[in-house]
There are 2 protein chains.
Amino acid sequence: MKPTLQTVADAVGVSRSTVSNAYSRPDQLSPALREKIHEAARRLGYPGPDPTARSLRRGRVGAIGVLFTSALSYAFTDPYAVLFLRGVAESAERHGSGLLLVPLSEADEQAGIEAVRNAAVDGFCVYCVPASHAALDVTRSRGLPLVAAERPVEPGPDSMYVGIDEAAAARTVGSHLARLGHRRVAIVSDLLVAERRTGPVALDGPADIRYDVDVTRERLRGFAEGLAEGGVGWSDLFLVNAGTNSRAEGARAAGYALDRADRPTAVLAITDLLALGVLDALATRGLGPGRDVSVTGFDDIPEAAAAGLTTIRQPAVEKGAIAGRLLLDPPEDPAARQVLLPTDLVVRASTGPVERK
Amino acid sequence: MKPTLQTVADAVGVSRSTVSNAYSRPDQLSPALREKIHEAARRLGYPGPDPTARSLRRGRVGAIGVLFTSALSYAFTDPYAVLFLRGVAESAERHGSGLLLVPLSEADEQAGIEAVRNAAVDGFCVYCVPASHAALDVTRSRGLPLVAAERPVEPGPDSMYVGIDEAAAARTVGSHLARLGHRRVAIVSDLLVAERRTGPVALDGPADIRYDVDVTRERLRGFAEGLAEGGVGWSDLFLVNAGTNSRAEGARAAGYALDRADRPTAVLAITDLLALGVLDALATRGLGPGRDVSVTGFDDIPEAAAAGLTTIRQPAVEKGAIAGRLLLDPPEDPAARQVLLPTDLVVRASTGPVERK
DNA sequence: TAGCGCTTCTGGATCGATACAGTACGCCGC
DNA sequence: GCGGCGTACTGTATCGATCCAGAAGCGCTA
């Protein structure tokens, strides 16, 4: 039989409450008695108050949940996700809370719902989950603080988020390329369509994106708007969907664009990870980035600098840290619950003027 | 007032137990009633059984804890740790469990102890934590399954671990270099001494390592044994401690060895991350890896292949997956609770024969 | 129609702690 | 000597569910 508070209380000859206080409110009892209690606990092998029981009574768990779309196991593959998580972790640590990673598998929606139901947490952080995912409703119905790691297209007055102006940032990429003279442009992005396949897709416009992660739509909208400054219309864009947000699929997707007869002079990738794949695809074809084909990414992960990738820098760790802080200590002021972070266009060697032949 | 099981039960006019069954054992009641209950729950905004209360009663939480030495926020910086975590995550996901990351800050030992006490989990996975860390005792006293992500030097009969034969693997590195003729050898490692400083250290032998992460000691022992085959004695080794397991500190540490008058012909790093730093240090000094100075790592992280680093390959993801499986479903057979994985010496361009001048 | 087995539902006990109101007691000032 | 006050500790109610023994209802058989 495992020892409980009562076991220790009986051994010392005090009440259960007093033992509880010895752990949770040491100032409520005399040092002598406290020591006696701790001594008895050691002797009996009592590990301290049971976290579950304590949580139930206190109504506080001491952990925050992070929801991921992709299988939990992929959470660690995207450097940007890792940086974000690190920020969340920093906040949680400062607050003495743990981080519960909650799988939200795509194949089995019911499993995700169950996971959210069962998650013992004080709040949820939602990272790149499509707005339609059923688990989100469950998350909301739990009535816990919830912060989105991106700006919802239509933020409610009391919703919390920390994000960037995706469209505006993407616009700077588009207009950068437009100014460099690019007119034949391809875009490589994941989540353009609901299926996980890699290949060209045709869309009537950004609003036609059938998979409802707002980030994708907004970035595409921004790209298009920026490029329009150079007279590039939506129908001029060659869109390739990438099955997953990975370097390998980025390379595969880029192939569809690069192997065309009228090869684009610029390839815009929606994440750095995909962009690195695009660079790989250039390399295997003997094409020079920034010279033969310009390439851009998004996020400015550490590898981007080394690869000389032009990209949008957004403060990933800080974003996570703020998300964590919002969750653990939601500000009274509704305005403070919605945070927009600044972004910068970082121009590196992977973009250059289009060649005049 | 938030709705509870009772609220729903009253609304439908059944007992609390029946509502509970509607969620947890759907086969125990008629489909009609079950639907009625779910309908009422929806109407009342009841999110399903409270995870905390459920855990208390069931005695099962549905999450496993992962303990880290370094601050939680660094858990994501070492690619090897990330791979391992991914494996653990895969197992947890399959089992419908979450992953609770538990910070074990080094500065504030008490905070770590508190974190372990408060962690609502069904088991702990310990990853690279010094055997002396006070939080480990607390972990054990919780009486939960516990699996170490490395082989303890003296495994108890009932302890669980998944690891590799560190010393044997390291020995192959040492003898590889010995065979290539290397006699002036430096070793770059973190955790050689308790302090977090970067610089040369003097030790009487592997057993003299004052920081008790067994892995460090065992790998060093292996290096030494392998090198001894070429007649290199312990006192011939130039040891440099790295403040942290990072690329930058690896480069700094390597500097101490490379800038000596009698520059070593080989530098053995205890992790790939440090080894990449050593390669950086070579590059800034215009030295050729494998030609001027041979360099080895340990772990075979993805970047190692790209860098042409000779290293020890160990199955990181699989290691994590097995750790997770051991935790969630401890085998009856004690022998099956202790898993040793195979390793390979992967020879790449970063090692070569010592130059005869 | 009594007896049996099966499904469906009930109600009290229980998981292990914390909150809070209350008691006991010593000490101070007047 | 007594009210007032602070400190140290107690005891009961409570958090929100699950477990389990048992009751009710129902069909079937002998």
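Numbers restart at 1 for each chain; the letters A, B, ... are given by sequence-line order, proteins then strands.
A side-chain donor-acceptor contact under 3.5 Å links A:Arg54 and B:Asn118. Using modelled atom types, one finds no donor on one side chain facing an acceptor on the other under 3.5 Å when comparing A:Tyr127 with A:Lys319. Inspection of the B:Thr18 and B:Ser15 side chains reveals an N or O donor paired with an N or O acceptor under 3.5 Å.
The aromatic rings of B:His38 and B:Tyr23 sit perpendicular, their planes meeting at an angle over 60°, well past the 30° parallel limit.
With distances taken from any side-chain atom of B:Ser15 to the nucleotides C:dG11, C:dG16, D:dT18, the minimum falls on C:dG11. Taking the side chain of B:Ser17 as heavy atoms from C-beta on, and the options C:dA19, D:dC19, C:dG16, the nearest nucleotide is D:dC19.
A:Ile37 has its CD1 atom 11 Å from the C1' atom of D:dA8, to the nearest Å. When the P atom of C:dG16 is taken as reference, atom CG of A:Leu44 falls 15 Å away, rounded to whole Å. Atom OH of B:Tyr23 is separated from atom P of C:dC9 by 16 Å (rounded to the nearest Å). A:Asn21 places its CG atom 9 Å from the P atom of C:dA19, with the value rounded to the nearest Å. Between the CG atom of B:Asp50 and the P atom of C:dG16 there is a distance of 17 Å, rounded to whole Å. Rounded to whole angstrom, the span from the CG atom of A:Asn118 across to the P atom of D:dG16 amounts to 17 Å. When rounded to the nearest whole Å, the span between CG of A:Leu33 and P of D:dT7 equals 17 Å. In this structure, the NZ atom of A:Lys2 is 8 Å from the P atom of C:dG16, given to the nearest Å.
Of the side-chain N and O atoms in A:Ser24, one or more sit less than 4.0 angstrom from OP1 or OP2 of C:dT18. Note on B:Tyr46: a side-chain N or O is less than 4.0 Å away from OP1 or OP2 of D:dA17. The phosphate of D:dT14 has neither OP1 nor OP2 within less than 4.0 Å of any side-chain N or O from A:Arg57. Contact between the side-chain N/O atoms of A:Thr18 and the OP1/OP2 oxygens of D:dC9 is not found at any separation under 4.0 Å. Listed pair A:Arg25 / C:dA19 meets the phosphate criterion, a side-chain N or O lying under 4.0 Å from OP1 or OP2. In terms of phosphate contacts, B:Ser30 brings a side-chain nitrogen or oxygen within less than 4.0 Å of OP1 or OP2 of C:dC9.
Using a 4.0 Å heavy-atom criterion, one finds that B:Thr4 contacts the sugar-phosphate atoms exclusively. Note on B:Leu29: only backbone sugar-phosphate atoms sit closer than 4.0 angstrom, heavy atoms only; bases stay farther off. B:Leu5 comes within 4.0 angstrom of a base, heavy atoms only.
No salt bridge links A:Arg325 with A:Glu93; every basic N to acidic carboxylate O contact stays at or beyond 4.0 Å.
Positionally, the nearest nucleotide of DNA chain C for B:Gln28 lies more toward the 5' end than for the other of B:Leu56 and B:Gln28.
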